[in-house]
Every structure is written in structure tokens, then in C-alpha cells.
Participant: 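Structure in C-alpha cells, see below.
Order of appearance sets the numbers: ligands from 1, and atoms from 1 within every ligand. The chain is numbered in sequence order, starting from 1.
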Amino acid sequence: MGRKVMIVTGGSRGIGAATAQLAAVQGYAVCLSYLHSAAKADEIVTAIRDSGGEAIAVRADVADETDVVRLFETADRELGTLTALVNNAGILERQMRVDQMDAARLNRILATNVTGSFLCAREAVRRMSTASGGSGGAIVNVSSMASRLGSPGEYVDYAASKGAVDSLTLGLSKEVAAEGIRVNAVRPGVIYTEIHASGGEPNRVDRVKDTVPMRRGGDALEVAHAILWLVSEQASYTTGSFIEVSGGR
Ligand code: NAP
């Protein structure tokens, strides 16, 4: 088998950083993207290289088409043929009801979480599809349990964006199944990362953890393990599937 190359969007922190590091341990050359956290992205790259792995970091806004194209071209040039994409970059904003949300906020959430995932999937399919001379590959979209639960009173806009990610996963998986590309998703529950601070509640996981059947929040690495299984050869007959990494929530 040839060299394994993975792009992880939003790999500077949280679930993306854990995924990038686990992927490197499993032999992937990793290109991680970030938006603001250059120093954190460099730390992840350095940690991977110090352990003998290969990684690069690229600043690229997934909501910006030019940035996305440059991200994939950089990975082509510096790492080689893409074999896996993890569509992880995602945002939420301050907790509020739907009747308080304005169009600017809605468009920001949709641009990053939905348009970003579509654009990155597009670039991956163009490279991987056997119909256009590629060698196949795997895409994992990072959805959320929010797509099933709706996030009332917190961020229904975010939940709806993850509903769109679920539909992207289903539709694209069928569209490219005969072209050597598998498309799956994970739905994390409440995971200890910095995303909750964007909602205005950094300690949200500790507030809601007693509502989780397992009575605890999850660790980013527990999500990364599910993602790495979905991209692996062990998941060779799995496409259009969802793994809920949510402690039973
Ligand atoms: P996080 O700690 O806030 O990290 C988000 C990452 O996405 C950062 O690396 C950030 O880059 C990057 N990012 C944000 N906007 C971007 C953009 N426009 N372009 C490129 N990169 C961008 O979040 P997380 O909790 O690890 O979340 C990762 C994914 O898991 C998201 O899709 C999220 O919706 C999903 N998820 C999380 C939870 C949870 O409880 N934590 C639950 C369900 C689903 P910078 O560092 O440069 O800002």
C-alpha cells in the first residue's frame, strides 16, 4: 500500500488536534488546517515531528473557497496523494434562542460548518475518485449529537448546520460509493474542548455531564479513535454510516 496522507481541518485544537496526532501515530502524513491559532497548530506539528511523524500546518479558512483550494494544493505538493479527509473545523456562537438570532450569525455558522464541509469534500472527491483517475479514499465528517437533539435554548442554528452535515454524509456517500470513496461521520456528544467557551459557557460539559447515561464528558481522543477507525481499511465496507461517540446520550 502507498503512503497515507490525511487533511484534518481545524487541527490546531480539540478533536482535530487529537485526530491529527493519532493519525500520525498510525502512519499518516498529516496536513492540519487552522484559522487563528498559528502557535497551537505549530505545537501540534512539532509534537508529531518529535515523535517521528510527518505533519504540516496551513492557515486556511474552510469557509473561503480560495483558501480551501490552496489548502489542498499545499497538501498535494508537500505530502503527496490525498487518501483521507477529516472535515472537523466547526464553530458555534453564544447561547441564545432562535428568536434572538440575526442573519449575520446564521450565515457565519452555515458558512463554516456547511459550506466549509462541502468545499473540502469537493476538493477531496476531485482527487480521490477513481472516475477521474484517483485511487480512492475516505472522508469523515464531524457532525454532532446536536443534529439529533436540536440544542434548544443554546444553538439551534449549530444543530441545524450539523443536520446538513448528516445529509451531506448520506448523499455524498451514495454519490461516490462506486468511485472508491467512503464517506462517514461521527456524532460526538459533550466533549472537553474549548468550543464551549464560544457559546459563553466554558464549563458546559461539567454542567450537563449528569444527563449523559455514562455520567461523564468525553475526551477528544475518544472521538479521534472512532474517526481513525472509519478512515481505516478495517471499515472497508462501511459508508454512509454514523458513529455516535456520546456516552449513550
Ligand atoms: P474547538 O476546540 O473549538 O476547535 C475548533 C477547531 O476548528 C480549531 O482548530 C479552529 O481553528 C478550527 N476552525 C474554526 N473555524 C475554522 C475555519 N473557518 N476554518 C478553519 N478552521 C477553523 O472545537 P472542537 O470541540 O474540537 O470541535 C471540533 C468539531 O467537533 C466541530 O465540528 C464541532 O462542531 C464538533 N463537535 C464538538 C463537540 C464538543 O463537545 N466539543 C460535540 C459535538 C461536535 P483555530 O484554532 O485557528 O481557531
Side-chain angles (χ1 to χ4, degrees), residues 7-21 30-45 57-68 70-72 85-93 107-120 140-151 154-155 157-166 168-169 185-209 211-212 216-224 226-227 242-247 249:
I7 290 178
V8 183
T9 64
S12 53
R13 297 184 282 122
I15 293 167
T19 302
Q21 288 182 286
V30 180
C31 173
L32 59 92
S33 78
Y34 64 95
L35 184 53
H36 303 296
S37 307
K40 287 184 177 173
D42 283 346
E43 268 174 41
I44 301 298
V45 166
V58 178
R59 201 212 71 83
D61 182 350
V62 294
D64 182 308
E65 190 163 18
T66 308
D67 274 15
V68 170
R70 181 175 46 78
L71 168 66
F72 280 74
L85 164 67
V86 181
N87 254 330
N88 167 79
I91 55 167
L92 51 75
E93 295 196 11
N107 289 331
R108 283 192 298 273
I109 297 293
L110 295 174
T112 295
N113 298 2
V114 182
T115 305
S117 297
F118 269 82
L119 291 174
C120 292
V140 176
N141 297 322
V142 181
S143 175
S144 172
M145 286 307 293
S147 76
R148 318 288 298 193
L149 300 171
S151 307
E154 294 190 329
Y155 16 70
D157 54 346
Y158 169 83
S161 77
K162 295 301 187 176
V165 168
D166 286 0
L168 165 65
T169 305
V186 292
R187 288 195 192 104
V190 284
I191 311 298
Y192 286 101
T193 73
E194 292 169 4
I195 202 169
H196 308 286
S198 320
E201 191 184 4
N203 298 321
R204 176 172 176 270
V205 178
D206 286 330
R207 173 175 61 84
V208 305
K209 69 180 182 196
T211 67
V212 176
R216 67 170 178 87
D219 187 85
L221 188 57
E222 294 179 288
V223 182
I227 293 170
F242 296 81
I243 297 183
E244 300 189 340
V245 188
S246 63
R249 193 157 183 253

Participant: Identify whether the distance between the nearest side-chain nitrogen and carboxylate oxygen of Arg148 and Asp166 falls below 4.0 Å.
Facilitator: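 No, no charged N to carboxylate O under 4.0 Å.
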Participant: Got the residues with a heavy atom under 4.0 Å of ligand 1, by chain and number?
Facilitator: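 Residues Gly10, Gly11, Ser12, Arg13, Gly14, Ile15, Tyr34, Leu35, His36, Ser37, Ala60, Asp61, Val62, Asn88, Ala89, Gly90, Ile91, Thr112, Val142, Ser143, Ser144, Tyr158, Lys162, Pro188, Gly189, Val190, Ile191, Thr193, Glu194, Ile195, His196 each place a heavy atom under 4.0 Å from ligand 1, listed by chain and number.
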Participant: Only counting residues at least two apart or in another chain, list the ones meeting ring pair (Phe, Tyr, Trp, His ring centres under 6.0 Å) with Tyr155.
Facilitator: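 Once residues adjacent in sequence are excluded, the partners of Tyr155 under the ring pair (Phe, Tyr, Trp, His ring centres under 6.0 Å) criterion are Tyr158.
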Participant: Is the shortest heavy-atom distance from the side chain of Cys31 to the side chain of Val58 under 4.5 Å?
Facilitator: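 Yes; the side chains approach each other to less than 4.5 Å.
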Participant: So do Ile109 and Ile91 actually touch side chain to side chain, heavy atoms under 4.5 Å?
Facilitator: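 They are in contact (side-chain heavy atoms under 4.5 Å apart), so the answer is yes.
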Participant: Is any side-chain heavy atom of Thr169 closer than 4.5 Å to a side-chain heavy atom of Ser143?
Facilitator: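 No; the side chains remain at least 4.5 Å from each other.
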Participant: Quick check: do Asn87 and Val165 have side-chain heavy atoms less than 4.5 Å from each other?
Facilitator: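 Answer no - side chains too far apart.
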